[in-house]
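Reading through the C-alpha cells given below for one structure.
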There are 2 protein chains.
Amino acid sequence: MTVTLADVAARAQVSPATVSRVLNGNYPVAAGTRERVLRAVDELDYVLNGPASSLAASASDLVGILVNDIADPFFGIMAGAVQSEIGPGGRAGGERLAVVCNTGGSPERELTYLTLLQRQRADAVVITGGAIEDAEHMNALAAKMERLTDAGTRVVLCGRPPAPDTGAVALTFDNRGGGRRLTEHLLGLGHRAIGYIAGPEERTTTRHRLEGHRAALAAAGLPDGETVHGPYDRSSGYDAALELLRRDPSLTAIVAANDSVALGACAALRDAGRRIPDDVSVAGFDDLPFSIDTVPALTTVRLPLYEAGARAGRIAMSREKEPPGGVATVHGELMVRGSTAAPRG
Amino acid sequence: MTVTLADVAARAQVSPATVSRVLNGNYPVAAGTRERVLRAVDELDYVLNGPASSLAASASDLVGILVNDIADPFFGIMAGAVQSEIGPGGRAGGERLAVVCNTGGSPERELTYLTLLQRQRADAVVITGGAIEDAEHMNALAAKMERLTDAGTRVVLCGRPPAPDTGAVALTFDNRGGGRRLTEHLLGLGHRAIGYIAGPEERTTTRHRLEGHRAALAAAGLPDGETVHGPYDRSSGYDAALELLRRDPSLTAIVAANDSVALGACAALRDAGRRIPDDVSVAGFDDLPFSIDTVPALTTVRLPLYEAGARAGRIAMSREKEPPGGVATVHGELMVRGSTAAPRG
DNA sequence: TTGAGCGTAGAAAGCGCTTGCTATGAGGTT
DNA sequence: AACCTCATAGCAAGCGCTTTCTACGCTCAA
C-alpha cells in the first residue's frame with residue numbers, strides 16, 4: 001500500500017541500507033547509484049516514514065516553539081522569527097519541522113506540550129514569553145526542562161527569565177529597565193498622577209514591568225500609583241482605564257502593560273471625553289506594528305522581538321554560540337511619540 | 001539511560017504488553033494491575049517514545065495547522081481556535097500535538113511543510129488562508145493533498161476555496177460577497193471616486209475581494225477604479241494610499257484589502273493632510289481586534305475567524321460532520337463605523 | 001605478485017512500541 | 001465433577017528505518 005524504503009531499494013536494485021544512505025547523505029555512495037536511487041524515489045513518490053526514522057536514529061527533526069497566545073502578534077513575531085531560522089527555507093537549509101504550540105498562558109498546557117515534544121524526541125524547544133510565578137509550576141517546569149536537556153534537547157527561553165540549573169539558555173527581556181525608562185519619561189514631562197494597567201498577576205513580565213515603573217516613581221520620591229491588573233488584551237485595557245479614572249479622576253497619565261492594553265485604554269479615555277495627550281498621556285510597551293499608526297501614535301518601549309526570536313532560533317540550532325553563562329539580556333528602546341506630552345497647567 | 005516500556009513493565013511486574021494497554025486504555029486491564037503500572041510510570045518518570053509508538057501503531061497524534069503569516073492576527077486567531085479544539089486542554093481531551101507551521105506565504109514552503117507532516121504521518125492537517133493561483137503550484141498542492149487524504153490524513157481548508165477531487169473539506173470565506181457589500185455601502189453613501197488597495201496578486205483572497213468590489217461598481221454602472229497591489233501589511237497600505245492619491249487626488253474613498261493595510265492607508269492620509277472620513281473614507285476587511293480602536297473606528301467586514309477555525313478543528317477531529325459536498329461558505333458581516341461617511345459636497 | 005588501503009555496498013541486528021493470538025484461572029453451568 | 005466462559009495477561013511478530021560490521025573488488029606500492 002504505502003511505499004517503503006524496501007520498495008525503493010528493489011526498484012533501484014540496491015539494498016535498503018544504500019537508499020537510506022542516499023537519503024541521509026552521510027555516507028559515500030557512488031554517483032551512479034545515488035542517481036538510480038533518487039530516480040526510484042521520485043518515480044515511486046516515496047516519502048520517508050518519520051516515526052520509523054526517528055526511532056531507528058533516535059533523533060527527530062522536530063523543533064517546538066511554545067507561545068502564550070498565538071493570536072497576539074507579540075508572540076507571532078517571535079515565533080515567525082524562530083521558524084525563519086529553523087524551518088524549511090530557513091538559513092539552515094535543513095528540512096526541519098518547526099512547529100508552534102499555543103499554551104494559551106496555561107501552566108498545565110505548557111507542561112503538556114513540553115511532554116508531548118519530549119515524547120516526540122524533539123531536537124530543540126524554544127519557549128517564548130513570560131513565565132508563571134507559581135512555585136509548584138516553576139518546579140515542575142524546571143524539572144521538565146532539565147529532563148529535556150538531559151535527553152539532548154536544546155531548550156532556549158526567549159523573553160523569559162533564566163531557569164538556573166536546567167541547562168536552558170535564556171534570552172531575557174529587560175522589562176524592568178524598559179518600564180523604568182518609560183515612567184522616567186513621563187515623570188520628566190511633569191506627570192505626577194500616573195495610573196498603571198498591569199498584566200495578569202503571577203507573570204514575570206507583568207511583575208518586572210511594574211517593578212520598573214515603581215522603581216522610577218520611588219527614585220523620584222513618589223509613592224506607588226493606582227494599579228489595576230488584567231489580561232494582556234484591549235478590552236482589559238478599556239475596562240482598567242475606566243476603573244483608574246474612577247479611582248482618580250485627576251490622573252494625567254496611564255502606563256499600560258503592553259500596546260494592546262494601551263489601545264483599549266485610549267478607546268476608554270476617548271469614550272470618557274478625555275483627549276490624548278492633552279488631558280491624559282498614554283504609554284504602552286512592545287511597539288507592535290500597529291502602535292505607530294494609532295492616533296496619536298503610541299509612546300512605547302520597542303522590544304526587538306524579531307531579532308530576539310531569530311537569535312533564539314539560531315542558538316537552538318547551535319548555529320550561534322550561546323551567551324556566556326547561558327544568559328543574555330535583550331534591551332528595549334524608548335519610543336517617544338504623540339500619545340505622551342506634558343500635563344496641562 | 002532513558003526509561004522504556006520494558007523498564008516500567010519490569011517494575012510493575014507485568015509484561016510490556018500490559019503496560020502498553022494501560023497507557024492506551026483500549027483493552028481491559030484489571031484495576032489493581034493498572035494501578036501498579038501507573039505507579040511505576042510515575043516513579044520512573046516514564047515518557048512514551050512517540051516515534052516508536054507511531055511506528056508500531058502506524059498512527060500519530062500530530063495535527064498540523066498551516067498559516068501564511070503567523071505574525072498576522074488574522075492567522076493567529078484561526079490557528080488558536082483550531083488548537084483549542086484539538087490540542088491539550090481542548091474539548092477533545094485527547095493529548096494531541098496540535099502544531100502550527102508558518103509558510104510565510106511561500107508555495108514551496110507550503111508544500112515542504114505538507115511533506116514534513118506527511119512524513120510524520122500526521123492525523124490531520126488544517127490549511128488556513130488564501131491560496132496561490134499558480135497552475136503548477138495548484139497541481140502540486142492538489143496532488144499532495146490527495147496523497148494525504150489517501151493515507152488517511154484528514155485535510156481541512158479554512159478560508160480557502162475548495163480543492164475538488166482531493167478529499168479535502170473546505171470552509172470557504174465569502175470574500176467576494178463581503179467585498180461587494182463593503183463597496184455597496186460606500187456607493188450608497190455617495191462615493192464615486194473609490195481607490196482600491198489590493199493584496200498580493202495571485203492570491204485567491206486578493207482576487208475575490210477585488211472581484212466583489214468591482215462587481216459592486218459594475219452593478220452601479222461604474223468602471224473599475226484605481227487599484228494598487230501590495231503585501232497584506234500596514235506599510236504596503238501606507239505606500240499604496242499615497243500612490244492612489246497621486247493618481248487621483250480627488251478620490252473620496254479608499255477600500256483596503258484588509259485591516260492592517262487600511263491602518264497604513266489611514267496613516268498615509270493623515271500625513272497627507274486628509275481627514276478621515278471628512279475628506280476620504282477608508283474601509284478595511286477582517287475586523288481584527290484593533291480595528292474597533294482605531295481613530296476613527298474602522299468600517300470593515302467582520303469575518304468569524306475564531307468560529308471558522310474552531311469548526312475546522314472539529315471537522316479535522318471528526319467531531320463535527322463535514323458539510324454537504326465537503327464545502328461550506330462562511331459569510332462576513334459589514335461593520336459600519338466611523339471611518340466611512342458621505343463625501344463632502 | 002602479494003598485500004595493504006580505499007571506496008562502496010550488503011547483511012542483519014536492533015530502535016521501543018502495538019496487537020493478534022494464545023494461555024491461564026476463576027467462576028458459573030449442567 | 002467435568003466443561004465452558006469470560007476476563008486478564010503474556011508471547012512474539014512485526015512496524016520501517018538506521019547503522020555497525022563485514023565483504024568485495026580495485027588500485028597502488030613494495
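Each chain gets a letter, A, B and so on, in the order its sequence line appears, and its residues count up from 1.
Between the CG atom of A:Asn49 and the C1' atom of D:dC15 there is a distance of 8 Å, rounded to whole Å. In this entry the distance linking CG of A:Asn24 with C1' of D:dC17 reads 9 Å, nearest Å. If you measure from atom CZ of B:Arg121 to atom P of D:dG16, you get 9 Å, rounded to the nearest angstrom. Across the protein-nucleic acid pair, B:Tyr46 atom OH and C:dC17 atom C1' stand 7 Å apart, rounded to whole Å. Atom CG in B:Asp7 sits about 9 Å away from atom P in C:dC17, given to the nearest Å.
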Q. Can you check salt bridge (Lys or Arg N to Asp or Glu O under 4.0 Å) on B:Glu110 and B:Arg160, steps first, answer last?
A. CA-CA 14 Å; B:Glu110 186 166 274; B:Arg160 170 173 297 207; 3.2 Å; yes
Q: Assess whether side chain to side chain contact (heavy atoms under 4.5 Å, CB included) is satisfied between B:Val67 and B:Met78, documenting all intermediate values.
A: CA-CA 9 Å; B:Val67 302; B:Met78 282 194 285; over 6 Å; no
Q | Trace of the salt bridge (Lys or Arg N to Asp or Glu O under 4.0 Å) decision for A:Arg96 with A:Asp123 | A | CA-CA 9 Å; A:Arg96 264 160 217 295; A:Asp123 249 30; 2.4 Å; yes
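Contacts of B:Ser58 with the nucleic acid, taken as non-hydrogen atoms under 4.0 Å apart, are absent.
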(Q) Can you build the contact string for nucleotides 5-13 of chain C? Use B for base contact, S for sugar-phosphate-only contact, and - for no protein heavy atom under 4.0 Å. (A) ---BBBB--
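Checking C:dT18, D:dT19, C:dC17 against every side-chain atom of A:Ala57, the shortest atom distance belongs to D:dT19. Among the nucleotides C:dT19, C:dC17, D:dT18, the one closest to any side-chain atom of A:Leu5 is D:dT18.
Comparing A:Asn26 and A:Ala52 by the nucleotide of DNA chain D that holds the closest heavy atom to each, the one mapping nearer the 5' end is A:Ala52.
We find that B:Arg11 and B:Glu43 are joined by a salt bridge, their nearest charged nitrogen and carboxylate oxygen being less than 4.0 Å apart.
The local environment of CG in B:Asp165 is sparse, with at most 12 non-hydrogen atoms from other residues, nucleotides or ligands closer than 6.0 Å.
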